[in-house]
Amino acid sequence: MSKLKEGLSNDEVKLLNSMFWRSNNYAIAWCYSRMLGTSVAWVLYPYISWLYPDSDKDPAQKQRKLTVLDRESKGFFNITPQVAPLCYSIFAAMEKEAAEKEDFDVSSIDAVKASIQGPLSGIGDSIFWVTWRVIVTGIALPYCLAGNALGPILFALLFNIPGFALRYYLTFIGYKLGTGFISKVYESGLIQLLTKTAATIGLVMIGGMVAQQVSIPINLVLNLSGAELNVLDIFNGIIPGILELSLAILCLNLIRKKTSIMKIIFGIFAVCILGAAVGIF
């Protein structure tokens, strides 16, 4: 932890902690036109006020502060919560550089904001919402199905604790990396590698969850020359979970053909009800 804060002043540490806590409410000013764009200024406000301490007395400094707040509150911005502090701390480092250097190109802040949110969201979504959430759900679901209160508690702790820890570390890491972060990760190819790896892991986990969580309990039994054969056992004998996989592929194809999600859900309901009525399920 000491290395994380090494080289930073006490004021900077305090402000970065404030930025971390404010980032937990990063959707406080969410809107359709800018998504999270307006709330960027709110997250950075204590830091921007620190950069311009005499804004209440000096009209020129006040105008610079208002210009910064106006710049940070405009534009489209949307990011995965677990990686959002990395962006905010990079913006803060760039604003500090802009405050200290008159020849700093402030348009680069908007350029970084536009370029960083897509790749980082791809990584954050793949790791946390596609992969980690599925893993945690698989751990907690058996307790929930058994009516054990430990299920939701376990899910909340396992899903959120790593996310909060990562958010805290990224707040300081992003501030230290500053403007050099973008060039470093793109030149090294790290963004492309992480995105592809996380997406692959996520797809594998979703495939496993289909086999575990989707169930087609066919009760139909065939009587062949006095021998009873369960239809479900026949299908599973060919490929285990083939019916569940087929259902998932069917739903995916319907979605790709722009079929309404509600139509798919009600269609599954109808098939299940009719199948139960005639004794198939």
Side-chain angles (χ1 to χ4, degrees), residues 8 11-53 55-56 61-99 104-130 132-133 156 159-179 181-182 185 191:
L8 302 177
D11 285 342
E12 286 177 311
V13 172
K14 187 182 297 184
L15 289 165
L16 288 173
N17 283 329
S18 173
M19 197 182 304
F20 161 74
W21 287 112
R22 281 181 169 241
S23 71
N24 288 286
N25 297 323
Y26 79 147
I28 194 170
W30 192 93
C31 64
Y32 283 102
S33 58
R34 299 177 185 175
M35 293 287 183
L36 307 167
T38 306
S39 62
V40 175
W42 182 82
V43 174
L44 297 179
Y45 183 80
Y47 187 87
I48 294 172
S49 298
W50 176 71
L51 290 177
Y52 303 96
S55 58
D56 293 337
Q61 196 172 109
K62 179 179 180 179
Q63 184 57 45
R64 291 187 67 187
K65 177 182 176 180
L66 291 175
T67 300
V68 173
L69 290 172
D70 182 65
R71 175 170 61 245
E72 292 294 350
S73 64
K74 287 184 176 180
F76 180 90
F77 187 69
N78 192 27
I79 193 76
T80 306
Q82 288 81 3
V83 297
L86 177 64
C87 299
Y88 295 129
S89 56
I90 290 175
F91 301 157
M94 296 184 74
E95 290 294 356
K96 181 182 180 183
E97 196 170 347
F104 184 82
D105 184 10
V106 295
S107 64
S108 64
I109 299 176
D110 291 330
V112 169
K113 186 181 296 185
S115 63
I116 198 174
Q117 53 186 301
L120 285 180
S121 290
I123 294 172
D125 287 348
S126 297
I127 293 175
F128 282 95
W129 295 104
V130 176
W132 184 237
R133 184 179 61 166
F159 181 74
N160 288 296
I161 289 177
F164 273 96
L166 180 65
R167 288 163 67 109
Y168 188 77
Y169 275 90
L170 289 181
T171 301
F172 288 86
I173 291 173
Y175 187 74
K176 287 186 175 183
L177 291 174
T179 55
F181 171 79
I182 304 300
V185 295
I191 285 287

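Keep in mind it's a predicted model, so treat the numbers as computed, not measured.
Atom CG of Leu69 is separated from atom OG of Ser49 by 7.0 Å, given to the nearest 0.5 angstrom. Atom CD1 of Ile173 sits about 12.0 Å away from atom CG of Leu16, to the nearest 0.5 Å. One finds the CG atom of Leu44 at 8.0 Å from the CZ atom of Phe91 (value rounded to the nearest 0.5 Å). The CD1 atom of Ile79 sits 12.5 Å away from atom CE of Met35, with the distance rounded to the nearest 0.5 Å. Interatomic distance, Lys96 NZ to Tyr175 OH, rounded to the nearest 0.5 Å: 3.5 Å. Between atom OH of residue Tyr45 and atom OG of residue Ser39 there is a gap of 16.0 Å, rounded to the nearest 0.5 Å.
In terms of heavy atoms, Phe159 sits closest to Phe128 at CE1-O, 3.5 Å. Looking at every heavy atom in both residues, Glu72 comes nearest to Ile48 through CG-CD1, 4.4 Å.
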Kindly indicate, with the supporting measurements, whether the criterion side chain to side chain contact (heavy atoms under 4.5 Å, CB included) is fulfilled by Tyr88 and Thr171. CA-CA 7 Å; Tyr88 295 129; Thr171 301; over 6 Å; no

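The shortest distance between side-chain heavy atoms of Val68 and Arg64 does not fall below 4.5 Å. Leu86 has its side chain within reach of Leu120: a pair of non-hydrogen atoms, C-beta onward, lies under 4.5 Å apart. A 4.5 Å side-chain heavy-atom check between Met19 and Pro46 finds every atom pair outside the cut-off. Residues Tyr169 and Phe20 form no side-chain contact, since every pair of their non-hydrogen atoms from C-beta on lies 4.5 Å or further apart.
Listed for the Asn24 side chain is a donor-acceptor partner under 3.5 Å among the backbone atoms of Trp21. Judged purely by atom type and a 3.5 angstrom limit, Arg167 uses its side chain to pair as donor or acceptor with the backbone of Pro81. Side-chain atoms of Asp70 do not come within 3.5 Å of backbone N or O of Leu66 as any donor-acceptor pair.
With sequence neighbours excluded, the residues forming a ring pair (Phe, Tyr, Trp, His ring centres under 6.0 Å) with Phe172 are Tyr168, listed by chain and number. Applying the ring pair (Phe, Tyr, Trp, His ring centres under 6.0 Å) criterion to Trp50, with sequence neighbours excluded, gives Tyr47. For Ser89, the side-chain hydrogen bond (donor to acceptor under 3.5 Å, both in side chains) test picks out no residue, with sequence neighbours left out.
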